[in-house]
Amino acid sequence: QGRYGDLNSAVLSYGPCQTPTLGFCVKRHVDIETFKPEPYWVLDLGVYKRGRIFKAQSNAGRSFNQPKIQKLLKTVFEASPPAVLKVTDVVSKQKKQGRPTPLNTVALLKACSRALGIGPHQTMQTAESLYLRGYLSYPRTESSAYPKSFDIRSTLEMQGTDSRWGNYVTGLLRTGECKAKGGVDMGDHPPITPCRAGPAHELSGDMARVYDLVTRHFIASVSKDAVWNKTAVTFEIDELGEKGIFQLRGKQMISPGFLAILLHKEYGDEENDLNEYSLEDEGEEIENLPEFKEGEIFSLSNAKQASQSKIGTVAAGPRATLGIKEKMTKPPTHLSESELINLMEKNGIGTDASIATHIENILKRNYCELAPGRKLIPSKLGLVLAQGYHLIDSSLVLPKVRADIEDECNKVAKGLADKDSVLKNSISIFSAKFKTFVDEIHKMDVLFSSSFSKLEDVGKPFTRCGFSRRYLQFITGPPPRLYNKFTETVYPLPVGGVIKEWSGRKCTVEGCNFELCLYSVGQPERTFPLCPNCYNNPRPEWGIISGEDKKAAKDLIDREDEAKERQIRSMGGKSFILECPHPDGHPLIEDLTVARDPEGDSVLCVDPHFGPKWRLVSTRNPTIYYLPKIIDKLTILERKDEESDTHMIKLEFKPGQSPLEDGSAKHTTTFSKDDMLQALVRIYHGNERTQSKGGGRGRGRGRGGGGRGRGGTGRERSYR
């Protein structure tokens with residue numbers, strides 16, 4: 001630490017819960033930093049009725065292609081006879097808004113952060129003080145259901161004289177319906193409830209606020225559900241078909257139920273906590289929506305400029321306007337404490353007793369800073385630490401390792417696993433990771449020396465753009481990206497591996513021509529070619545997109561929309577790519593493919609480092625095939641094996657070291673069918689080394705240029 005003058009931390013640490021907690025904050029920060037605002041367009045329908053305008057939501061969604069939306073508008077206003085807007089369906093239903101489940105520790109931490117602005121660590125200290133003074137039950141519990149022995153009525157009765165909620169409680173007791181619903185009784189401690197009355201004059205500060213929230217939540221949990229009358233009105237413009245459907249939603253309260261007692265209704269609505277990219281265009285439910293009738297017709301006029309407000313006052317008379325509204329995409333916000341707690345709970349990071357401590361640690365050690373709105377923003381130190389852990393071993397910062405251990409501990413508790421075996425396995429995992437970290441610590445040192453020293457230049461010339469032929473600046477990040485300062489274009493690169501230049505080689509995809517990089521992942525490293533342009537603009541014919549579970553769209557306009565959405569989600573599944581960055585059908589990968597991977601849905605391709613140490617790497621699995629050292633030259637033939645649809649190869653052996661019976665120095669073969677060659681390879685499965693058996697001489701298939709093939713001799717790629 002003394003080597004870096006601007007390193008502002010007393011402790012640099014790793015923890016299997018603390019570090020993934022930091023990782024969540026860093027990932028969201030990376031999403032924000034890589035986000036590039038983009039314009040998009042939507043159909044804007046305004047329905048005028050009873051002196052008000054109501055904005056209906058279009059089923060056509062948004063598009064990043066303006067002519068696509070303009071074409072829809074043109075279709076409407078060039079129709080003959082003139083197009084009209086028709087009400088095709090009106091559905092009104094009563095719906096209940098469920099009362100909250102009883103309060104456990106995690107729910108308390110989220111509620112106090114969101115509604116009261118009190119951090120998790122301070123919340124636990126306050127709740128424990130209230131417990132010790134007899135006001136609250138034990139605040140560390142996983143249970144969110146009252147046990148059968150819990151006396152709900154007596155607990156309510158002690159609140160009946162309180163000036164803040166006494167009248168409500170008295171009315172609730174009079175009805176005799178005081179039941180909770182939902183939740184789980186974990187058998188440890190009951191949910192957090194008030195244990196005695198706490199008049200306003202007895203408590204002050206945070207203790208008063210936390211007691212107030214807990215008591216109101218308890219009363220709400222045994223109250224009646226709120227009841228709403230919800231209406232959905234569907235409009236259609238026949239000329240647009242499916243894309244001419246619009247919907248307007250309204251609601252009207254029938255019975256407030258538990259909402260009458262809750263002061264902070266927002267903390268009970270957590271459905272969007274983890275929805276980082278919810279659309280700002282989603283239709284709102286409008287209160288006091290006027291009556292619409294099925295079959296009702298509205299004349300349509302062209303709205304040159306759509307109103308910015310949802311509801312405005314206009315001239316009376318039923319009519320509608322249709323126009324186009326241009327908007328800009330917006331990045332997600334930094335994680336709030338409540339959102340972070342949700343992520344930790346969802347991924348098994350920490351327990352109800354430790355979550356607050358992990359969040360407090362990343363704050364007091366200056367890995368994150370607390371911003372207004374209780375948002376957690378990673379510091380430069382936090383970013384460097386997370387990037388370093390990813391560079392050495394991504395599992396150190398990803399939540400899976402800790403979640404797996406928690407799962408094993410739960411199995412021990414249920415009698416499904418042996419404690420000693422789980423303990424031994426966990427120690428073995430972390431011992432191996434510690435050794436790897438010590439061996440690779442110089443990578444972390446390089447990051448610190450770069451990040452905490454004065455650098456005059458942010459980036460350096462790296463590879464050439466295929467369009468402008470200008471050099472792209474390599475920004476190491478996080479996140480890593482290439483930047484064309486002449487066109488102001490950004491090309492995000494995959495995170496999780498090492499990116500290097502590749503001697504000026506160019507992408508073979510027609511119309512691309514970008515200079516290539518090399519992308520290395522895993523231990524031992526597997527290396528693949530990387531085209532910055534193709535990585536950001538995949539095509540459907542190439543296959544499943546790396547880091548995602550789908551192919552690119554076939555329609556060009558839809559594919560452009562998908563590409564923009566992918567950037568909005570800041571790589572969606574691409575935040576960390578620990579495999580080949582391109583689909584297996586990309587020409588760069590296809591040109592290097594010599595076999596199907598027998599262990600999974602992937603292929604084996606020649607490592608682009610080529611000789612003298614020849615090896616094959618799996619595109620999706622951490623498997624490496626080391627070819628024998630007797631091979632001097634390997635040529636990937638244009639000819640393919642018909643059965644496997646992979647390239648055949650021609651081998652040239654070092655003088656006097658041919659394994660062939662006739663001593664031939666050259667050998668043409670298909671790798672997956674050559675028993676002789678496969679007997680000589682060494683196979684690594686991740687960190688586990690497995691050496692194939694055998695090793696003597698043998699007769700390979702396809703010997704001497706025989707082998708089944710297709711396509712003639714054609715162009716060959718030779719490497720030495």
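Position 1 is the first residue of the sequence; numbering continues from there. The figures here come from the full heavy-atom set of this structure, side chains too, leaving out hydrogens, waters and symmetry mates.
F292 is not listed as a side-chain neighbour of T231, based on a closest heavy-atom distance of 4.5 Å or more. With a 4.5 Å cut-off on side-chain heavy atoms, F246 and V47 do not count as touching. For the pair C112/E337, no side-chain contact is recorded, criterion being any heavy-atom separation below 4.5 Å from C-beta on. Under the 4.5 Å side-chain criterion, counting only non-hydrogen atoms from C-beta, I544 is not in contact with P583. Taking 4.5 Å as the limit, every side-chain heavy atom of L376 sits out of range of all side-chain heavy atoms of F24. In this structure, F35 and T329 have side chains that are in contact, with non-hydrogen atoms separated by less than 4.5 Å. Using a 4.5 Å heavy-atom threshold, the side chains of F528 and H582 count as separate. A heavy-atom distance below 4.5 Å is not found between the side chains of L45 and F298.
Only one option out of K375, R374, H29 pairs with H334 in a side-chain hydrogen bond (donor to acceptor under 3.5 Å, both in side chains); it is H29. Paired with L588 under the rule side-chain contact (heavy atoms from CB on, under 4.5 Å), one option of C531, C534, C605, P608 passes, and it is C531. Partner of N342 under the side-chain contact (heavy atoms from CB on, under 4.5 Å) criterion, chosen from M344, E345, K346: E345.
Listed here is the closest heavy atom pair of N621 and R526: O-NH1, 2.8 Å. Heavy atoms only, all atoms of each residue included: F467 and G511 are closest at CE2-O, 3.5 Å. Of all the heavy atoms in L85 and F235, the pair that sits closest is CD1-CB, 3.5 Å. The two residues P20 and P399 make their nearest non-hydrogen contact at CB-CA, 4.1 Å. Residues F54 and I286 come closest through the heavy atom pair CD2-CD1, 3.7 Å. Nearest heavy atoms, K181 versus T101: O-CG2, 3.7 Å.
Distance CG/N537 to CZ/R539: 9.0 Å, rounded to 0.5 Å. Taking CG of L516 as the reference point, atom CG of L530 lies at 8.0 Å (rounded to 0.5 Å). Atom CD1 in I69 sits 5.0 Å away from atom OG in S63 (nearest 0.5 Å). Separation of atoms CG (L592) and OG1 (T619) is listed at 11.0 Å; rounding is to 0.5 Å. Here I237 contributes atom CD1 and L300 contributes atom CG; the two are 5.0 Å apart, rounded to the nearest 0.5 Å. Atom OH of Y491 is separated from atom CZ of R481 by 14.5 Å, given to the nearest 0.5 angstrom.
A donor-acceptor distance shorter than 3.5 angstrom exists from the side chain of T75 to the backbone of K71, with no hydrogens or angles considered. R620 contributes a side-chain N or O that, together with a main-chain N or O of C580, makes up a donor-acceptor pair within less than 3.5 Å. Under the 3.5 Å distance criterion, the side-chain polar atoms of R99 are matched with a main-chain donor or acceptor of S223. Within the 3.5 Å criterion, the main-chain N or O of P492 finds a donor-acceptor partner in the side chain of N536. Listed for the S144 side chain is a donor-acceptor partner under 3.5 Å among the backbone atoms of V184. Side chain of K49 to backbone of E291: a donor-acceptor contact under 3.5 angstrom is found. Looking at T234, its side chain never comes within 3.5 Å of a backbone N or O of T88 through a donor-acceptor pair.
R62 forms a cation-pi arrangement with Y40, by the criterion of a distance under 6.0 Å to the ring centre and an angle within 45° of the ring axis.
Between the side chains of S602 and D597, at least one donor-acceptor pair of N or O atoms lies under 3.5 Å. For the residue pair T321 and S301, no side-chain donor N or O sits within less than 3.5 Å of a side-chain acceptor on the partner. Between the side chains of S338 and S113, not a single donor N or O lies within less than 3.5 Å of an accepting N or O.
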Residues L578, S394; criterion side-chain contact (heavy atoms from CB on, under 4.5 Å); working and verdict: CA-CA 9 Å; L578 303 177; S394 287; 3.8 Å; yes

Apply side-chain contact (heavy atoms from CB on, under 4.5 Å) to residues R596 and T646 and explain how you reach the verdict. CA-CA 8 Å; R596 302 293 168 189; T646 57; 3.8 Å; yes

What do the steps show when you test K55 against D44 for side-chain contact (heavy atoms from CB on, under 4.5 Å), and what is the final call? CA-CA 7 Å; K55 294 295 185 179; D44 182 44; 3.2 Å; yes

Going through the checks in order, is the side-chain contact (heavy atoms from CB on, under 4.5 Å) test met by T463 and W502? CA-CA 9 Å; T463 57; W502 195 20; over 6 Å; no

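Qualifying side-chain hydrogen bond (donor to acceptor under 3.5 Å, both in side chains) partners for S520, counting only residues two or more places apart in sequence or in other chains: T527. Partners of N347 according to the side-chain hydrogen bond (donor to acceptor under 3.5 Å, both in side chains) rule, which considers only residues two or more places apart in sequence or in another chain, do not exist here. Residues forming a side-chain contact (heavy atoms from CB on, under 4.5 Å) with R464 (at least two apart in sequence, or on another chain): R469, Y471, E515.
Separation of the Y535 and Y519 ring centroids does not fall under the 6.0 Å cut-off.
Between E590 and K640 there is a salt bridge, with a side-chain nitrogen of the basic residue lying less than 4.0 Å from a carboxylate oxygen of the acidic one.
Environment of CG in D89: crowded, with over 12 heavy atoms of neighbouring residues, nucleotides or ligands closer than 6.0 Å. Within 6.0 Å of atom NZ in K251, more than 12 heavy atoms from other residues, nucleotides or ligands are found, so the atom counts as buried in its surroundings.
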